[in-house]
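Convention: sequence-line order gives letters A, B, ...; per-chain numbering from 1.
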Amino acid sequence: MNKEEMLQLETSIDQMMDLARSNGLDFYEMRFEVTPADILYTFGAYGMPTRFSHWSFGKAFHRMKMQYDFGLSRIYELVINSDPCYAFLLDGNTLLQNKLVAAHVLAHCDFFKNNFRFAHTSRYMVESMSVSADRIRSYEMQYGKDPVEELLDAALAIQEHIDPSYVARRRPRKEQNSQDQDHHKQKPEAETPYDDLWELDNLGQKKKKEEPLLGHQKIPARPEKDLLLFLMEHSKVLTDWQRDILAMIRDEMLYFWPQMETKIMNEGWATYWHLRIMREMELTEDETIEFARMNAGVILPSRTSLNPYHVGLKMWEDIEKRWNHPSKEERERWGYEPGRGREKMFEIRETESDVAFLRNYLTKDLIEEMDLYLYQKVGNEWKIVEKDWEKIRDRLCAARTNGGFPVLLVEDGDYMRNGELYLKHEFEGIELDIKYLEKTLPYVYRLWGRAVHLETVLEGRPVLFTYDGKKPHRRFL
Amino acid sequence: MSRPNFVLSKEDWSLHRKGYQDQLRHQEKVREAIKQNLGDLISEESIIMSDGKQILKVPIRSLDEYRFRFNYNKQQHAGEGDGDSQVGDVLGRDGDAKQAPGKGEGAGDQPGIDYYEAEVSVEELQNILFEDLELPNLKRKAQDEILSTDVRFNDIRKKGLSGNIDKKRTIMETLKRNALHGNPGIHGITPDDLRYKTWEEIKTPHNNAVVLAMMDTSGSMGTFEKYIARSFFFWMVRFLRTKYEHVDIQFIAHHTEARIVSEDDFFTKGESGGTICSSAYQLALDLVNGHYHPDRYNIYPFHFSDGDNLTSDNDKSVRIVRELSSLSNMFGYGEINQYNRSSTLMNAFRHIQDPNFKFVIIREKREVYKALKTFFGRGSQMVS
């Protein structure tokens with residue numbers, strides 16, 4: 001991008017922002033930065049320009065950069081959920097490519113700002129991650145590079161096992177609180193707001209009586225999904241700086257989580273809008289062709305995975321069409337007014353995430369139009385095994401649940417009354433990768449300091465994997 | 001209407017090196033992983049049978065980022081067809097699916113790729129391997145001549161040629177002196193501050209070495225045994241070449257008689273018949289006495305066999321091996337013994353108490369590494 005092109009891009013972005021706003025998009029202030037390829041790929045690998053250092057990011061960076069160098073793939077967009085919103089453009093892109101990316105990114109920013117899933121994400125994460133990176137660096141100085149790296153290895157291995165749900169945020173954390181809650185539940189319905197005053201006298205006495213009977217207090221009181229948090233609060237081997245690093249990784253994961261949960265919606269939304277915005281821009285003939293070619297590349301369907309840009313775009317366009325032109329039945333039975341397409345789209349972009357989006361709006365017609373299917377390994381061949389639209393939709397929903405990660409719950413933090421950790425995989429039909437499981441348990445052990453168990457299901461039978469610091473073993477239950 | 005403003009900028013990012021730094025750390029870890037897997041890697045067929053120049057793909061499993069995840073092979077995945085996909089259509093077979101890089105979800109999730117492949121050149125592997133090896137009993141030969149001189153800048157002096165001024169050190173001296181006088185900063189460079197780089201002439205002695213590669217080609221030596229011998233010689237020759245300018249190799253194949261053969265024949269042609277090891281030892285001794293005089297050559301006779309020697313020949317073998325050992329830098333005997341039999345030859349060799357004589361038993365492929373360590377390891381000890 002030379003000076004001339006930068007000026008042109010600036011003018012175009014100005015126009016595009018006006019267009020976007022007049023269409024109802026609502027975004028933060030934008031900061032566009034033009035960077036060379038290796039910088040863009042660095043940010044892509046780390047997920048954030050200011051994130052801490054770890055070899056796994058270096059590995060990702062190397063792979064992405066290599067694919068770019070060989071012309072195999074190309075990142076077009078990189079946008080950070082923050083206020084102001086940072087977007088990175090590739091210096092080597094043509095002017096038109098960067099125009100398209102800028103338009104695309106505006107819609108992402110609108111999504112970040114308005115989708116309910118993102119409501120609780122910190123908009124100052126660029127700064128927070130920078131502070132975290134500094135702290136991790138200072139721990140490296142103080143405690144040595146290797147101990148810090150070992151801890152990061154372990155923490156990153158289980159970073160997906162947090163509880164990002166809205167409910168979890170409101171739930172009292174400490175066991176004591178939850179016991180108090182149980183206690184409240186047992187009481188008869190209060191007649192006045194002051195009824196509980198009468199019981200204050202008994203409160204202390206009751207507890208005294210109960211405690212010796214309770215004996216073994218279960219930790220956690222109810223199964224805990226947030227493994228990272230549980231380890232932070234209950235592990236006896238972690239030092240303060242180690243807890244601090246776990247907390248940082250957890251915060252970063254909570255920040256990234258909504259992006260994983262809304263991938264199809266978000267990419268579809270951005271693609272829908274870059275098309276609309278670019279169509280209203282004045283383009284030369286050459287630019288129009290280049291634009292069409294680039295857009296076709298972005299939404300190119302894949303035989304072996306779902307292209308979120310394509311599926312998302314199709315779904316948004318379908319929603320617009322259906323609510324613009326409701327059928328006779330819809331009009332009569334539910335009173336749908338025609339011409340409500342955009343309105344419905346903005347409602348959905350605010351209130352849904354991928355799972356609900358797919359379940360509610362991926363229709364039979366769409367699945368047939370896109371020729372979606374499910375495939376599976378049969379022998380050593382990957383074969384199409386399912387064309388039934390409901391099964392496809394349900395499988396897609398399942399694959400997006402919990403970000404596509406298995407759900408593990410901490411069942412017992414004092415298993416066998418020996419301080420051992422008992423995790424349970426909420427089995428829903430798909431087995432875990434055993435090799436990976438056996439290699440990951442030692443990381444949990446490193447953070448917990450005592451034997452770690454994980455219950456899951458293999459070939460229809462419950463099985464318990466254990467790592468006790470020496471080697472992994474398994475036994476069927 | 002008041003609109004949110006935007007900024008379009010293009011900063012100088014040339015100092016942002018984080019990605020490269022972490023990439024370096026990753027490569028360091030790959031190196032560590034290679035080191036841990038040397039035993040398996042150096043007996044890789046693709047290396048031994050190669051010309052030693054190409055870059056190899058080596059599976060490094062320990063660099064996976066392990067996590068709890070679903071079994072990719074045991075679940076259903078979604079894809080998009082071109083309009084007429086049918087149940088039963090085959091999308092790909094194991095292994096070739098990786099050619100279809102998917103968009104969006106990342107190519108790493110494609111079927112068939114379940115471990116990280118690091119690229120290693122044979123040279124890199126060799127450097128890692130040879131880090132821990134050394135030549136035992138290296139003797140200076142009478143014919144050591146000064147063959148090549150080389151120039152290396154490795155000294156700093158106060159006098160020298162002005163073209164060789166060491167600017168950094170000169171500035172440092174200025175800084176130090178000024179700081180001592182209570183007036184820190186870079187100003188007033190005096191002649192006393194000047195530092196010059198100076199060179200030294202390096203004299204590299206000219207060394208020769210000869211490897212007498214002996215192998216049992218009797219009927220009992222199968223492909224496995226030959227492969228082991230081949231792997232060992234492959235690395236040994238490479239190793240010696242890093243230490244000597246010229247390394248000659250003589251291939252001696254023997255059953256009941258010994259003869260000098262070409263490298264190709266040595267590794268490929270099998271013969272049958274009984275085994276008389278002393279025939280090979282005698283031929284090696286003749287070669288040493290004839291061509292490769294110990295005054296001029298560093299001599300490394302190595303013999304690989306399955307140990308199944310004619311019992312009556314053992315005494316003679318031991319006698320010649322003793323003589324050969326005394327002339328050589330090292331005599332190595334490797335017994336390839338997959339099934340842990342006790343061999344007559346080994347029993348005889350156990351009594352040789354010459355520090356130049358070493359033996360090792362190789363039971364499986366990865367033990368080629370053990371053999372190399374035994375013969376060339378630092379402070380090497382005998383491993384039986």
**Student:** Is the backbone of B:L91 close enough, under 3.5 Å, to the side chain of A:E381 for a donor and an acceptor to pair up by distance?
**Tutor:** no

**Student:** How long is the gap from CG on B:N71 to CG on A:L437, to the nearest 0.5 Å?
**Tutor:** 11.0 Å

**Student:** Heavy-atom pairs under 4.5 Å with chain A - which of B:Q23, B:E11, B:R17 has more of them than the others?
**Tutor:** B:Q23

**Student:** To the nearest 0.5 angstrom, please state how far the OG atom of A:S56 sits from the NZ atom of B:K29.
**Tutor:** 10.0 Å

**Student:** Could you pull out the closest heavy-atom pair between A:D371 and B:D84, with the gap in Å?
**Tutor:** OD2-N, 3.2 Å

**Student:** Counting only non-hydrogen atoms closer than 4.5 Å, does B:E28 touch chain A with its backbone (N, CA, C, O), its side chain (CB onward), both, or neither?
**Tutor:** neither

**Student:** Treating A:R395 as the side-chain partner and B:Q76 as the backbone partner, does any N or O pair qualify as donor plus acceptor under 3.5 Å?
**Tutor:** yes

**Student:** Starting at CD1 of A:I430, measure out to CD of B:Q75 and round the result to the nearest 0.5 Å.
**Tutor:** 4.5 Å

**Student:** Other residues, nucleotides and ligands only: do more than 12 of their heavy atoms fall within 6.0 Å of CZ on B:R169?
**Tutor:** no

**Student:** When you look at CD of A:E426, are more than 12 heavy atoms from neighbouring residues, nucleotides or ligands closer to it than 6.0 Å?
**Tutor:** yes

**Student:** Quick check on A:Y41 against chain B: is it the side chain, the backbone, both or neither that has a heavy atom closer than 4.5 Å?
**Tutor:** neither

**Student:** Do A:E10 and B:F6 come within less than 4.5 Å of each other through their side chains, counting heavy atoms only?
**Tutor:** yes

**Student:** Between A:I158, A:I434, A:D91, who has the most heavy-atom pairs with chain B when the cutoff is under 4.5 Å?
**Tutor:** A:D91

**Student:** Would a 4.5 Å heavy-atom cut-off, applied to side chains only, mark B:V7 and A:F32 as touching?
**Tutor:** no

**Student:** Relative to chain A, which of B:S14, B:A78, B:G83 shows the most heavy atom pairs under 4.5 Å?
**Tutor:** B:A78

**Student:** Heavy atoms only, distances under 4.5 angstrom: which of A:V378, A:V444, A:T456, A:L408 has the most pairs with chain B? Name it, please.
**Tutor:** A:L408

**Student:** So for A:L396, is it side chain, backbone, both, or neither that comes closer than 4.5 Å to the heavy atoms of chain B?
**Tutor:** side chain

**Student:** By a 4.5 Å heavy-atom criterion (distance strictly below it), what part of A:I39 contacts chain B: side chain, backbone, both, or neither?
**Tutor:** side chain

**Student:** Could you tell me whether the side chain of A:S302 reaches within less than 4.5 Å of the side chain of B:E80, counting heavy atoms only?
**Tutor:** no

**Student:** Kindly indicate, with the supporting measurements, whether the criterion side chain to side chain donor-acceptor pair (under 3.5 Å) is fulfilled by B:D22 and A:Y46.
**Tutor:** CA-CA 10 Å; B:D22 282 342; A:Y46 289 72; 2.4 Å; yes

**Student:** Rounded to the nearest 0.5 Å, how far does OH of B:Y66 lie from OH of A:Y443?
**Tutor:** 8.0 Å

**Student:** In Å and rounded to the nearest 0.5 Å, what is the NE2 to CH2 distance from B:H26 to A:W55?
**Tutor:** 6.0 Å

**Student:** Go through the atoms of A:I367 and report whether side chain, backbone, both or neither lie under 4.5 Å from a heavy atom of chain B.
**Tutor:** neither

**Student:** Determine yes or no for a side-chain-to-main-chain donor-acceptor pair under 3.5 angstrom, with B:D89 supplying the side chain and A:I384 the backbone.
**Tutor:** no

**Student:** Salt bridge or not for B:E65 and A:K439, using N-O below 4.0 Å?
**Tutor:** no

**Student:** Kindly give the heavy-atom pair with the smallest separation between B:S9 and A:E33, and that separation in Å.
**Tutor:** OG-OE1, 2.6 Å

**Student:** If you take all heavy atoms of B:W13 and A:V34, which pair is closest and at what distance?
**Tutor:** NE1-O, 4.0 Å

**Student:** Would you call A:E160-B:R67 a salt bridge at under 4.0 Å N-O?
**Tutor:** yes

**Student:** Answer with yes or no after comparing the ring centroid distance for A:F61 and B:Y20 against a 6.0 Å cut-off, counting only values under it.
**Tutor:** yes

**Student:** Would you kindly say whether B:S85 and A:K387 are connected by a side-chain donor-acceptor distance under 3.5 Å?
**Tutor:** yes

**Student:** Report yes if the distance between the aromatic ring centroids of B:Y72 and A:W382 is under 6.0 Å, otherwise no.
**Tutor:** yes

**Student:** Answer with side chain, backbone, both or neither: which region of A:P84 has an atom nearer than 4.5 Å to a non-hydrogen atom of chain B?
**Tutor:** neither

**Student:** If I measure from the heavy atoms of chain B, does A:Q159 come under 4.5 Å with its side chain, its backbone, both, or neither?
**Tutor:** side chain

**Student:** Given the options A:M1, A:H161, A:E149, A:M64, which has more heavy-atom pairs under 4.5 Å with chain B than any of the others?
**Tutor:** A:E149

**Student:** Looking at A:P49 and B:H16, what are the two nearest heavy atoms and their distance?
**Tutor:** O-CE1, 4.1 Å

**Student:** So, B:K10 and A:E5, do they make that salt bridge, N to O below 4.0 Å?
**Tutor:** no

**Student:** Could I get the full list of side-chain contact (heavy atoms from CB on, under 4.5 Å) partners for A:D433, not counting sequence neighbours?
**Tutor:** A:K435, A:Y436, B:R69

**Student:** Check the angle between the aromatic planes of B:H77 and A:Y375 and answer parallel, tilted or perpendicular using the 30° and 60° thresholds.
**Tutor:** tilted

**Student:** Using salt bridge (charged side-chain N to carboxylate O under 4.0 Å, His left out), reason through A:E459 and B:K74 one step at a time and then give a plain yes or no.
**Tutor:** CA-CA 11 Å; A:E459 269 138 24; B:K74 285 200 179 174; 3.7 Å; yes

